[in-house]
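Below is one structure, written out as structure tokens; the observations come after it.
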Protein chains: 2
Amino acid sequence: MSIQAVAAQAGVSVATVSRAFNFPDKVTPATRELVERVARELNYLPNASARTLRTQRSRTLGVVLPTLLNPTFAECLQGIARAAVAGGYAILPVTTGYRLDEEERAVQLLLAGNVDGLILVVSNPSTSAALQRLQAAGVPYVLAYNRHADHPCVSVDSEGAVADAVTRLVLLGHRRIAMVSGTLAASDRAQQRYRGYQRGMAEAGLAAPPLVEVPFVETAVDALCAELRPRSRPTALVCSNDLLAIRSIRAAHLSGLAVPDDLSVVGFDGIALGEDLTPALTTIAQPNSDIGRHSVELLAQAIAGGRALQADASLLLPHAFRDGESCANAREDNDAALS
Amino acid sequence: MSIQAVAAQAGVSVATVSRAFNFPDKVTPATRELVERVARELNYLPNASARTLRTQRSRTLGVVLPTLLNPTFAECLQGIARAAVAGGYAILPVTTGYRLDEEERAVQLLLAGNVDGLILVVSNPSTSAALQRLQAAGVPYVLAYNRHADHPCVSVDSEGAVADAVTRLVLLGHRRIAMVSGTLAASDRAQQRYRGYQRGMAEAGLAAPPLVEVPFVETAVDALCAELRPRSRPTALVCSNDLLAIRSIRAAHLSGLAVPDDLSVVGFDGIALGEDLTPALTTIAQPNSDIGRHSVELLAQAIAGGRALQADASLLLPHAFRDGESCANAREDNDAALS
DNA sequence: CTGTTAGCGCATTCAG
DNA sequence: CTGAATGCGCTAACAG
């Protein structure tokens with residue numbers, strides 16, 4: 001069903017049909033209604049490819065994410081999807097599995113797909129070859145979750161948030177506070193969060209034990225259990241994300257420790273599921289859906305303006321410390337265990 | 001960067017460049033390498049829209065899902081995404097929030113987007129207007145999770161799986177087994193699972209208490225707590241999905257009941273997170289990622305064959321009862337509470 | 001307000 | 001094996 005057929009059936013020119021759809025005001029109400037009726041009868045749908053080819057705009061946004069198996073990114077993608085539809089955009093998501101080569105391949109793929117702009121979560125903006133390519137191509141893009149002075153980003157103050165969380169734990173009486181993270185090298189967020197932990201500990205005048213670094217994708221419960229064995233085990237764990245926090249709670253359970261009585265656990269991300277857990281997850285909540293929404297809006301704005309986004313367009317969204325049940329006061333006997 | 005530029009730079013015709021990419025054999029190795037080199041130097045990427053317009057194939061699949069906030073669908077989409085990339089397809093996902101009007105709008109949107117095929121999870125295939133429209137359009141499609149005799153589906157035997165789960169609970173000594181479900185009317189899966197529950201109860205010669213039906217999206221923990229209050233409360237809960245199971249566990253906790261000691265809970269879906277919870281979720285695991293993968297493969301096959309999929313192409317994938325820690329033997333005093 | 005026409009970038013005839 | 005020419009469906013000048 002093409003515009004030609006509609007024009008013929010309605011007894012008007014193709015230009016009129018096109019106008020009736022794209023500039024309803026530039027056409028007589030009578031002819032507009034005629035065209036609309038015929039189009040409906042013929043079940044006409046404008047061909048997106050032809051339009052894209054002609055206008056050089058696809059009204060499609062590429063989305064590059066590490067994985068959908070982490071609810072954080074699923075929530076973000078949901079936010080992106082909703083905002084995109086609302087703005088008249090389609091989205092083309094690709095997952096990278098935290099792999100650099102996949103990041104590059106994804107960008108390549110999406111550029112070939114004629115996307116008008118890209119939203120991406122990369123491992124590390126500083127070292128991403130994909131971003132170089134993007135800037136060279138001049139396609140508008142925005143980073144989500146990442147934070148970097150040279151790129152437009154939508155993110156939260158991870159470092160400050162974690163430092164604050166550490167302070168809260170200190171106020172609860174904890175002294176031996178450890179941090180659990182995924183592979184540091186694989187994520188700038190992890191690095192920022194770790195810095196926040198170090199800062200928080202320093203400000204409290206506490207010595208920070210070595211980072212507990214576990215492989216990203218794997219369950220890593222075994223490794224976590226090992227950390228909880230020593231006599232001078234931590235009384236509180238700051239986890240770099242909610243998935244790790246959940247696994248840490250499991251590791252505690254397997255090690256015979258009760259959460260929060262024997263061990264306090266704080267997560268990071270604020271996945272919705274955390275609120276339904278038992279104990280409800282105490283976590284630093286990011287506005288995941290909003291991060292997606294703002295990314296879309298920023299991008300749509302830039303596209304409409306016909307220019308790429310600059311680093312100074314970056315948005316720092318508010319985070320919130322979400323109080324759950326996985327944190328409690330440090331117990332006396334825990335302190336004793338430390339001495 | 002167009003094919004024209006590459007042709008000019010390489011000193012050949014556009015036809016040769018096109019052939020060098022699409023039919024490498026139909027061109028001299030020498031010219032092929034020349035073209036490839038020039039293309040690389042010029043950073044040439046074939047324009048997807050132009051190709052689609054010309055070939056009438058977009059190599060894009062539409063995906064219609066209820067939500068990404070349920071990890072089940074996020075896992076499925078991940079499977080779809082991976083299989084799509086592997087098969088040279090892009091995906092265009094749209095979420096419907098379990099709303100019928102959104103289902104229709106989504107299909108409309110995707111058809112306009114020139115997708116070669118669609119994967120969809122609808123509320124109920126029997127009543128879906130979206131499917132009518134799809135069949136009329138002659139576009140290949142496949143339903144995921146849904147199960148219906150008149151449509152091509154990739155799913156599991158939900159009814160049998162739940163009946164089996166009930167049997168297992170009975171063998172653990174449970175007699176008072178209730179089912180918790182989302183809005184029945186909003187999902188054929190929920191209906192099938194409920195039938196499985198009824199069958200399992202009947203086969204065990206047990207009376208099935210009224211279905212505990214809670215609104216889908218909401219947390220519903222309060223409603224669940226109410227169900228656990230009566231003296232003749234159930235000793236086991238069969239939940240229509242893992243999210244409900246997680247909330248049920250929380251509701252039990254808030255009601256002062258221990259899982260699994262006071263209450264056994266079985267879920268349905270097999271979300272990855274379930275294994276990391278404490279207690280680890282006992283659930284009927286669906287191969288979510290595989291459901292996505294098979295949907296893509298079936299569709300790709302049909303598209304290659306130039307025909308729509310028939311209902312008899314449906315796939316029934318194996319499910320697995322995943323033993324966790326949220327189920328235990330019924331206790332004596334529980335039985336006492338029932339008398 | 002409406003019609004005619006060119007061309008977006010590519011794949012594909014048909015000649016050579 | 002390669003080149004010239006056509007048209008996929010649409011929008012944007014331009015002409016009337």
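Nothing here was measured: the structure is a model prediction, and the numbers come from that model. Quick note on labels: first sequence line is chain A, next is B, and so on, each numbered from 1.
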Exercise for review: Please report, rounded to the nearest Å, how far the C1' atom of D/dC10 is from the CE atom of A/M1.
Suggested key: 15 Å
Review point. How many Å lie between CG on A/N22 and C1' on D/dA13, as a whole number?
Key: 15 Å
Check your understanding: Will you find, in the side chains of B/Y145 and B/N288, an N or O donor that is under 3.5 Å from an N or O acceptor?
Key -> yes
Exercise for review: Could you tell me whether B/F21 contacts a base, only the sugar-phosphate backbone, or nothing, with contacts defined as non-hydrogen atoms closer than 4.0 Å?
Suggested key: nothing
Can I get a per-line list of side-chain donor-acceptor pairs under 3.5 Å for residues 149-156 of chain B, giving both atom names and the distance, sequence neighbours left out?
{"residue": "B/H151", "atom": "ND1", "partner": "B/Y141", "partner atom": "OH", "Å": "2.7"}
{"residue": "B/S155", "atom": "OG", "partner": "B/N146", "partner atom": "O", "Å": "3.4"}

Review point. Under 3.5 Å, is there a donor-acceptor pair between the side chain of A/Q78 and the main chain of B/L68?
Key: yes
Check your understanding: Between A/T72 and A/D269, does any side-chain donor sit less than 3.5 Å from a side-chain acceptor?
Key -> yes
Point to revise | Sidechain-backbone polar pair: A/R57 side chain, A/I303 backbone, donor-acceptor under 3.5 Å | key: yes
Review point. Distance only, no hydrogens: is a donor on one side chain within 3.5 Å (strictly under) of an acceptor on the other, for B/T16 and B/S13?
Key: yes
Exercise for review: Please answer whether the main-chain N or O of B/A30 pairs with a side-chain N or O of B/T28 as donor and acceptor at a distance below 3.5 Å.
Suggested key: no
**Study point:** Whole-Å distance separating the CZ atom of A/R19 from the P atom of D/dC14
**Key:** 14 Å
Review point. Please give, in whole Å, the distance from C/dT4 C1' to A/Q4 CD?
Key: 12 Å
Practice item. Under 4.0 Å between any heavy atoms, over every strand shown, what does B/S18 touch: base, sugar-phosphate, or nothing? Just pick one. Key: base
Practice item. Give a yes/no on whether any side-chain N or O of B/S13 is located under 4.0 angstrom from OP1 or OP2 of D/dG3. Key: yes
Check your understanding: Which is true for B/D25 with a 4.0 Å heavy-atom rule: it touches a base, it touches only sugar-phosphate, or it touches nothing?
Key -> sugar-phosphate
Revision key, fill the gap. Which of D/dC10, D/dG3, C/dC10 is nearest the side chain of A/I3? It is D/dC10
Practice item. To the nearest 0.5 angstrom, please state how far the CG atom of B/L92 sits from the CG atom of A/L92. Key: 6.0 Å
Check your understanding: Looking only at side-chain N and O atoms, does A/T16 come under 4.0 Å of OP1 or OP2 in C/dG3?
Key -> yes
Practice item. Rounded off to whole Å, could you give me the NZ-to-P distance for the B/K26 and D/dG3 pair? Key: 15 Å
Practice item. Check the distance between C/dC1's P and A/F23's CZ and give it to me in whole angstrom. Key: 14 Å
Review point. So which one's nearest nucleotide on DNA chain C is more toward 5', A/A15 or A/P29?
Key: A/P29
Point to revise | Selection: residues 33-59 of chain A, any non-hydrogen atom under 4.0 Å of DNA chain C | key: A/L53, A/R54, A/Q56
Practice item. Estimate the overall bend of the helix from C/dC1-D/dG16 to C/dG16-D/dC1 from the end axes over five pairs each, rounded to 10 degrees. Key: 40°
Review point. Out of D/dG3, C/dT2, C/dG9, which nucleotide sits closest to the side chain of A/V27?
Key: C/dT2
Review point. Considering the options A/V63, A/V142, A/L118, which one meets the side-chain contact (heavy atoms from CB on, under 4.5 Å) requirement together with A/S295?
Key: A/V142
